[in-house]
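Structure first, commentary second.
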Amino acid sequence: MSFFTALANGEANLAIGSLPLTLLVSALPHWYTIYKAEVNKVQGGWSNENPRSFVARLNAKAASGKKLSDVESMILRGQAAQQNGFEWWAMWAAAVILGTLAKVPQEDMTRYTVIHVACRLVYNYLYVTTSKRSLSYLRTLVFQVSIYPAIAIFFKAATALN
């Protein structure tokens with residue numbers, strides 16, 4: 001039985017299943033920026049031979065005071081969104097594992113998982129598409145909401161394991 005069939009039948013743990021899903025969600029902005037760099041031939045196109053150097057060159061251009069094109073700015077935001085997702089993933093994984101081991105009720109784990117994954121999707125979209133400072137605060141708000149589920153799971157686990 002596949003994970004998705006088991007999930008639809010209520011026979012799979014959504015929180016644990018969210019671990020590979022959130023890694024994929026974290027990578028989405030990266031894949032999108034590769035596409036945009038290729039289509040727009042930014043720096044001649046995406047440098048898969050050394051992608052970190054490609055991003056570093058864009059960062060150096062921005063740091064030198066040269067104006068970035070809208071696409072270049074979006075690429076940097078997309079790469080930052082990916083980095084944030086990977087940085088945050090370990091905290092989410094720890095919360096899911098601890099919550100599972102502490103037997104936090106499945107309904108709570110599912111609710112927290114849905115909130116977290118939905119917020120991460122919205123966060124990535126806002127990070128990639130928001131270029132105005134005033135709107136960037138909405139992205140920050142969504143990020144703050146996205147960390148709530150992990151914190152809640154840690155507190156519930158701490159109570160259960162007392």
Side-chain angles (χ1 to χ4, degrees), residues 2-7 12-100 109-110 112-154:
S2 78
F3 170 76
F4 297 106
T5 303
L7 184 62
N13 185 313
L14 181 61
I16 292 174
S18 78
L19 297 178
L21 175 63
T22 51
L23 282 174
L24 291 173
V25 167
S26 295
L28 288 175
H30 173 70
W31 297 331
Y32 180 69
T33 59
I34 289 172
Y35 166 75
K36 295 302 272 186
E38 281 295 311
V39 168
N40 293 285
K41 296 300 179 207
V42 173
Q43 296 184 25
W46 182 258
S47 171
N48 208 49
E49 303 82 5
N50 192 347
R52 290 182 187 219
S53 177
F54 177 91
V55 174
R57 285 192 306 274
L58 282 180
N59 276 318
K61 181 178 177 182
S64 73
K66 293 181 183 172
K67 179 156 174 45
L68 297 178
S69 71
D70 290 344
V71 174
E72 289 172 327
S73 294
M74 183 275 306
I75 289 170
L76 287 180
R77 290 192 310 273
Q79 292 300 305
Q82 173 197 234
Q83 187 174 352
N84 177 277
F86 289 151
E87 290 165 352
W88 182 252
W89 185 85
M91 188 66 67
W92 176 245
V96 167
I97 292 166
L98 191 58
T100 301
M109 293 295 289
T110 297
Y112 294 140
T113 299
V114 169
I115 293 168
H116 178 73
V117 172
C119 283
R120 290 306 305 183
L121 286 166
V122 171
Y123 174 81
N124 281 346
Y125 174 79
L126 290 172
Y127 212 137
V128 171
T129 62
T130 302
S131 59
K132 292 186 172 62
R133 184 180 192 131
S134 60
L135 294 175
S136 71
Y137 296 110
L138 178 59
R139 180 192 77 222
T140 300
L141 176 65
V142 171
F143 176 76
Q144 297 306 314
V145 173
S146 81
I147 67 175
Y148 158 74
I151 294 168
I153 292 170
F154 281 127

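Any value given below was found using the heavy atoms of this structure, including those in side chains, with hydrogens, waters and symmetry copies removed.
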What one should report as the nearest heavy-atom pair of Pro20 and Gly17 is CD-O, 3.2 Å
Identify all side-chain donor-acceptor contacts of residues 88-97 below 3.5 Å with residues at least two apart in sequence or on another chain.
unit_1: Trp89; atom_1: NE1; unit_2: Leu19; atom_2: O; d: 2.9
unit_1: Trp89; atom_1: NE1; unit_2: Thr22; atom_2: OG1; d: 3.1
unit_1: Trp92; atom_1: NE1; unit_2: Ser18; atom_2: OG; d: 2.9

The complete set of ring pair (Phe, Tyr, Trp, His ring centres under 6.0 Å) pairs with one or both residues in residues 12-40, sequence neighbours excluded, reads His30-Trp46
Value for NE2 (His116) from CG (Leu21), rounded to nearest 0.5 Å, stands at 9.0 Å
For residues 139-148, tabulate all N or O donor-acceptor pairs below 3.5 Å that involve a side-chain atom, not counting sequence neighbours.
unit_1: Thr140; atom_1: OG1; unit_2: Ser136; atom_2: O; d: 3.3
unit_1: Ser146; atom_1: OG; unit_2: Phe143; atom_2: O; d: 2.7

In short, salt bridge (Lys or Arg N to Asp or Glu O under 4.0 Å) pairs touching residues 61-84 with sequence neighbours left out are Lys61-Glu72
Heavy atoms of Phe54 and Gly45 approach each other most closely as CE1-O, 3.4 Å
Tabulate below the donor-acceptor pairs under 3.5 Å that side-chain atoms of residues 125-134 make, not counting sequence neighbours, or state none.
unit_1: Thr129; atom_1: OG1; unit_2: Tyr125; atom_2: O; d: 2.7
unit_1: Thr130; atom_1: OG1; unit_2: Leu126; atom_2: O; d: 2.7
unit_1: Arg133; atom_1: NE; unit_2: Tyr137; atom_2: OH; d: 3.1

Gln83 meets the side chain to side chain contact (heavy atoms under 4.5 Å, CB included) criterion, sequence neighbours left out, with Glu87
d(Leu58 CG, Leu76 CG) to nearest 0.5 Å is 5.0 Å
Residue pairs passing the salt bridge (Lys or Arg N to Asp or Glu O under 4.0 Å) test with at least one member in residues 32-51, sequence neighbours excluded, are Glu38-Lys41
Check: Are any of the side-chain heavy atoms of Thr100 and Met109 separated by less than 4.5 Å?
Finding: yes
#### Entry: Pair Val25-Asn124, side-chain contact (heavy atoms from CB on, under 4.5 Å): steps then yes or no
CA-CA 8 Å; Val25 167; Asn124 281 346; 3.5 Å; yes
### Query
Can you check whether Ile75 reaches Leu68 side chain to side chain, under 4.5 Å on heavy atoms?
no
Applying side-chain hydrogen bond (donor to acceptor under 3.5 Å, both in side chains) to Thr33 and not counting sequence neighbours gives Gln79
Rounding to 0.5 Å, atoms CG (Leu24) and CZ (Arg120) come to a distance of 13.5 Å
Contacts of Ser73 meeting side-chain hydrogen bond (donor to acceptor under 3.5 Å, both in side chains) (sequence neighbours excluded), chain-then-number -> none
